[in-house]
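Everything on this sheet refers to the single structure shown next.
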Amino acid sequence: QLQQIICFLGQVDDLQSESKRESDYNDRKRRNSSSSSSLLSAGQPLPPWKSFFCPMNHTVMEDPVEIASGQTFERTIIKKWFDDGNKTCPITKIELKTLEMQPNISLRNSIQEWKDRNTFITIAASKSRLDSEEEENMLNTLTDLHRLCEEKSMNRVWIRAEGLIPVITGLLSSNKHMIRRRALVTLQSLAIDNATNRVWLLLAMP
């Protein structure tokens, strides 16, 4: 009985988490409906700020850390620099008093918000792109949605919240083999660890 109670409480937590994620998506949609209408319709991602890039490998940082010189780098990149025996800042060339690395939390949060905003733009623009009847456009959109499903469980909730499950399911009857195949792969990813999505999939099946 105790195991059943624990399992039930876990399911309640999952449902509450899903509800919060769906509510967050709808809030974003309301906030962006007027201010970013052109971006949403075009599905164009927002470009990253210059500060998002690690100055050593010039890619957007995942885990930015600040060193004693005040410069910020991707953790794995600057750690390798120090592990190779370097005791100077790669940018200023100043010798460092300490090799400690402090997480740059505000920058990391800004990068995550930028990523989430672009995910929102991609998902919000997907319905019109899937209705476009242009095969390449539809295939690229399904590929993007599949990638987002694989990246984060939150994205699977957002895709459902946009009402895309019936749209993707409808593509299973397409007369184009590649569209049917990618639609099926995307639907499989949507169902991963998400009981609510599985129910929606069953309801949407012809």
Side-chain angles (χ1 to χ4, degrees), residues 2-32 40 43-46 48 59-63 76 108-109 111-132 134-206:
L2 181 59
Q3 288 296 329
Q4 290 177 338
I5 292 171
I6 292 171
C7 181
F8 174 74
L9 290 175
Q11 290 174 343
V12 170
D13 288 341
D14 289 342
L15 287 173
Q16 289 176 337
S17 177
E18 284 225 351
S19 177
K20 184 177 183 303
R21 290 170 178 173
E22 191 166 342
S23 176
D24 177 53
Y25 181 84
N26 290 327
D27 287 343
R28 286 173 181 269
K29 195 167 185 177
R30 282 192 291 270
R31 290 198 306 267
N32 290 284
L40 294 180
Q44 293 297 323
L46 300 169
T59 60
V60 174
M61 291 180 278
E62 297 285 340
D63 186 9
T76 56
R108 185 174 62 192
N109 290 341
I111 292 172
Q112 187 58 54
E113 175 60 27
W114 166 73
K115 289 181 177 179
D116 288 346
R117 185 80 180 275
N118 279 341
T119 296
F120 167 80
I121 290 173
T122 299
I123 293 173
S126 292
K127 192 170 186 179
S128 61
R129 298 175 78 178
L130 290 175
D131 289 337
S132 68
E134 296 178 11
E135 184 174 0
E136 185 177 357
N137 197 15
M138 296 169 73
L139 289 172
N140 289 338
T141 302
L142 288 169
T143 299
D144 287 341
L145 292 175
H146 177 245
R147 173 180 54 80
L148 291 175
C149 286
E150 296 292 311
E151 282 180 2
K152 268 187 175 183
S153 60
M154 177 189 74
N155 296 341
R156 297 194 283 274
V157 176
W158 282 13
I159 289 170
R160 184 186 73 236
E162 184 57 33
L164 290 174
I165 289 181
V167 177
I168 300 171
T169 303
L171 296 178
L172 294 176
S173 59
S174 170
N175 58 3
K176 299 185 184 299
H177 170 72
M178 282 303 297
I179 288 179
R180 292 199 307 272
R181 186 173 182 277
R182 290 201 193 179
L184 182 59
V185 169
T186 303
L187 291 171
Q188 288 174 332
S189 292
L190 275 166
I192 296 173
D193 297 329
N194 195 306
T196 306
N197 278 5
R198 286 196 288 271
V199 171
W200 275 86
L201 284 169
L202 290 173
L203 293 173
M205 286 293 180

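Starting from 1, each residue takes its place in the sequence as its number.
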I need the minimum non-hydrogen distance between [X] and [Y], along with the two atoms involved.
X	Y	value
S189	H146	OG-CD2, 2.8 Å
R129	M138	O-CG, 3.7 Å
R160	I165	CG-CD1, 3.8 Å
L46	W114	O-NE1, 2.7 Å
I179	L142	O-CD1, 3.9 Å

If we ignore hydrogens and angles and just use 3.5 Å, is the side chain of [X] paired with the main-chain N or O of [Y] as donor and acceptor?
X	Y	value
R108	D63	no
S132	S128	no
N155	C149	no

Going from [atom1] on [X] to [atom2] on [Y], what distance comes out if it is rounded to the nearest 0.5 angstrom?
X	Y	atom1	atom2	value
K127	T141	NZ	OG1	14.0 Å
T186	D144	OG1	CG	9.5 Å
R156	I192	CZ	CD1	5.5 Å
K115	K152	NZ	NZ	8.0 Å
L145	I159	CG	CD1	5.0 Å
D116	I121	CG	CD1	11.5 Å

Inset, instruction - Kindly determine whether L190 and I168 satisfy side chain to side chain contact (heavy atoms under 4.5 Å, CB included), including the steps that lead there. - result: CA-CA 10 Å; L190 275 166; I168 300 171; 4.1 Å; yes
Inset, instruction - Indicate whether any N or O donor in one side chain lies under 3.5 Å from an N or O acceptor in the other, for T143 and R182. - result: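 Per modelled atom types, T143 and R182 side chains form a pair under 3.5 Å.
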Inset, instruction - Taking only Lys NZ, Arg NE, NH1 and NH2, and the carboxylate oxygens of Asp or Glu, determine whether E113 and R117 approach each other closer than 4.0 Å. - result: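 Between R117 and E113 there is no salt bridge, as every charged N stays at least 4.0 Å from the carboxylate O atoms.
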